[in-house]
Amino acid sequence: MIALLLALALQTPPPPAEHASPGAAEPAAAAEPAAGHEHAAPQGHPEGAEQEEHADPAEVLMHHVTDQPLPGMRHIDIGPLHLEPTRHWLFFVLASAVVLVVVRLAIRSYREGIPSGIGAAVETLVLYIRDEIAEKNIGHDGRKYVPLLLSFFFFILIAALMGLFPFPTYDFKSGRFGIVSATSTGNLSVTLGLALIALFAMQYAGISKHGFVQHFVGMVPPGLPKWLLPIMIPVELLAIVSRPFALMIRLFANMLAGHMVITALLLLIPLMAAISTFFGIAVIPVSLALALFIMVLELLVAFIQAYIFTLLTSIFIGMSAHPAH
Amino acid sequence: MPTDPKALAYFAAGIGAGLTIIGGAAGIGRLAAAAMEGIARQPNAGGDIRGAMIVAAGLIEGVTFFSLIVTILLAIK
């Protein structure tokens, strides 16, 4: 992303183009050692940088947060389905793999029942979710749902943290380095999948406890006047859908918003550089400091969102298992 | 007088984002004030109050983000 911004900074030259472009690029390269060598080629021939597509800030912002197909991959069409590996898909699979590996490592770190290293850290979180989230909100049979809640928690946490970590890439065709990073939970389809699993868990909790008919009958509060039923039944049906819907939107929006804010703050540099070179250089420390602050905030948000998703799922499961309390 | 629909969309997005933040800030502000008062009166219950506060803040935040996304779509589409 930073590489993309630098490319943009190079491509929006103020009127004296030959003069200003290298001037704006050098301090930026000094501030970002990781991206410095990435632009060795465009600095060599500044004309080459001008050839690339001119992107306006809104496009850069959307390019950063929306899903993109991976370059150089072929796609499969099965009927109306268009299957193609994309950036969010890659990070979705990577996050799942990381969760599995971390958990395996945690299990292997046990020596005679005593965890060490990563096992101790994971055990703390697992115990917290079992005792403070599942058992408190679902009740005695809360243990049954602990694996599901733990999967939600660790997947959302790892997926969000991976979005903050830059993965270096190398394009063999053009011989350029780049950085790729994405939060797979910043994609509405991924959170829709998580929310659907949560919806099934909520309904399963009620149906397995009270039976299919009694589960839906028990949703209407007892002792309700008969004439209120035409209002209450649609309301309760709406509540079934709206709970996972809120989970879906909340996670998606939180993950999306953090990345959008960071990108917008970094986009201040090319926007100011378009006014004058001096403004462009002067805004670099401000922009980087603000972006760093939001990055640190995003670390916190990753934990809070994983916690909230897990907690709300367990509360909704509890409400479904014990209606009208 | 701009009658370009795009200008109107930008205008609506700006106003909408501002209103959204007013609502969200008022909600979270009231919540935090009440939670602080509760913790000050009953420091023992601090942990429970903090947990409940985070959940309520998350609910408010979710709605706020929902309308913020609407305004972003207005500005970008």
Side-chain angles (χ1 to χ4, degrees), chain A residues 55-66 128-129 131-133 136-137 156 185-188 191 195 242-261 263-264 267 297-298 300-316 318-319, chain B residues 2 4-32 34-36 38-39 42 44-77:
Chain A
D56 74 318
E59 260 174 50
V60 175
L61 202 61
M62 286 316 283
H63 178 89
H64 178 60
V65 293
T66 51
Y128 181 79
I129 288 170
D131 297 338
E132 300 294 321
I133 295 184
K136 264 193 186 167
N137 293 306
I156 293 169
T185 41
N187 186 326
L188 203 51
T191 55
S242 71
R243 286 168 189 162
F245 182 76
L247 286 179
M248 170 178 90
I249 292 291
R250 179 178 306 109
L251 184 61
F252 163 69
N254 269 289
M255 294 302 136
L256 187 75
H259 286 255
M260 271 193 156
V261 170
T263 320
L267 275 174
L297 195 71
E298 280 297 293
L300 192 69
V301 166
F303 279 93
I304 291 180
Q305 286 311 313
Y307 171 71
I308 285 186
F309 194 100
T310 317
L311 182 67
L312 288 178
T313 307
S314 75
I315 289 175
F316 294 152
M319 281 163 83
Chain B
D4 183 12
K6 217 164 177 191
L8 283 176
Y10 282 131
F11 183 67
I15 301 252
L19 286 175
T20 304
I21 296 303
I22 289 176
I28 299 233
R30 283 181 67 97
L31 172 72
M36 298 244 171
I39 293 175
Q42 199 101 50
N44 294 337
D48 287 347
I49 292 176
R50 201 168 300 126
M53 183 181 80
I54 288 177
V55 174
L59 291 171
I60 296 171
E61 199 191 43
V63 182
T64 313
F65 270 131
F66 186 70
S67 78
L68 265 187
I69 284 188
V70 172
T71 62
I72 289 172
L73 285 180
L74 269 180
I76 285 177
K77 287 282 165 191

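For clarity, every value in this text was computed on a predicted model and none was experimentally measured. The figures that follow rest on heavy atoms only: side chains count, while hydrogens, waters and symmetry mates do not. The sequence lines fix the lettering, A, B, ..., with proteins before strands; numbering per chain opens at 1.
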From CD1 (B:I72) to CG (A:L256), nearest 0.5 Å: 6.5 Å
Spacing of A:M260 atom CE and B:L68 atom CG [to the nearest 0.5 Å]: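 The CE atom of A:M260 sits 10.0 Å away from the CG atom of B:L68.
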Proximal component of A:L312, with respect to chain B [non-hydrogen, under 4.5 Å]: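 Only the side chain of A:L312 comes within 4.5 Å of chain B.
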Per-residue contact mode, A:Q305 against chain B (heavy atom under 4.5 angstrom):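 When you check distances to chain B, only side chain atoms of A:Q305 fall under 4.5 Å.
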Which of A:N254, A:I308, A:L311, A:I304 touches chain B most, by non-hydrogen pairs under 4.5 Å: A:N254
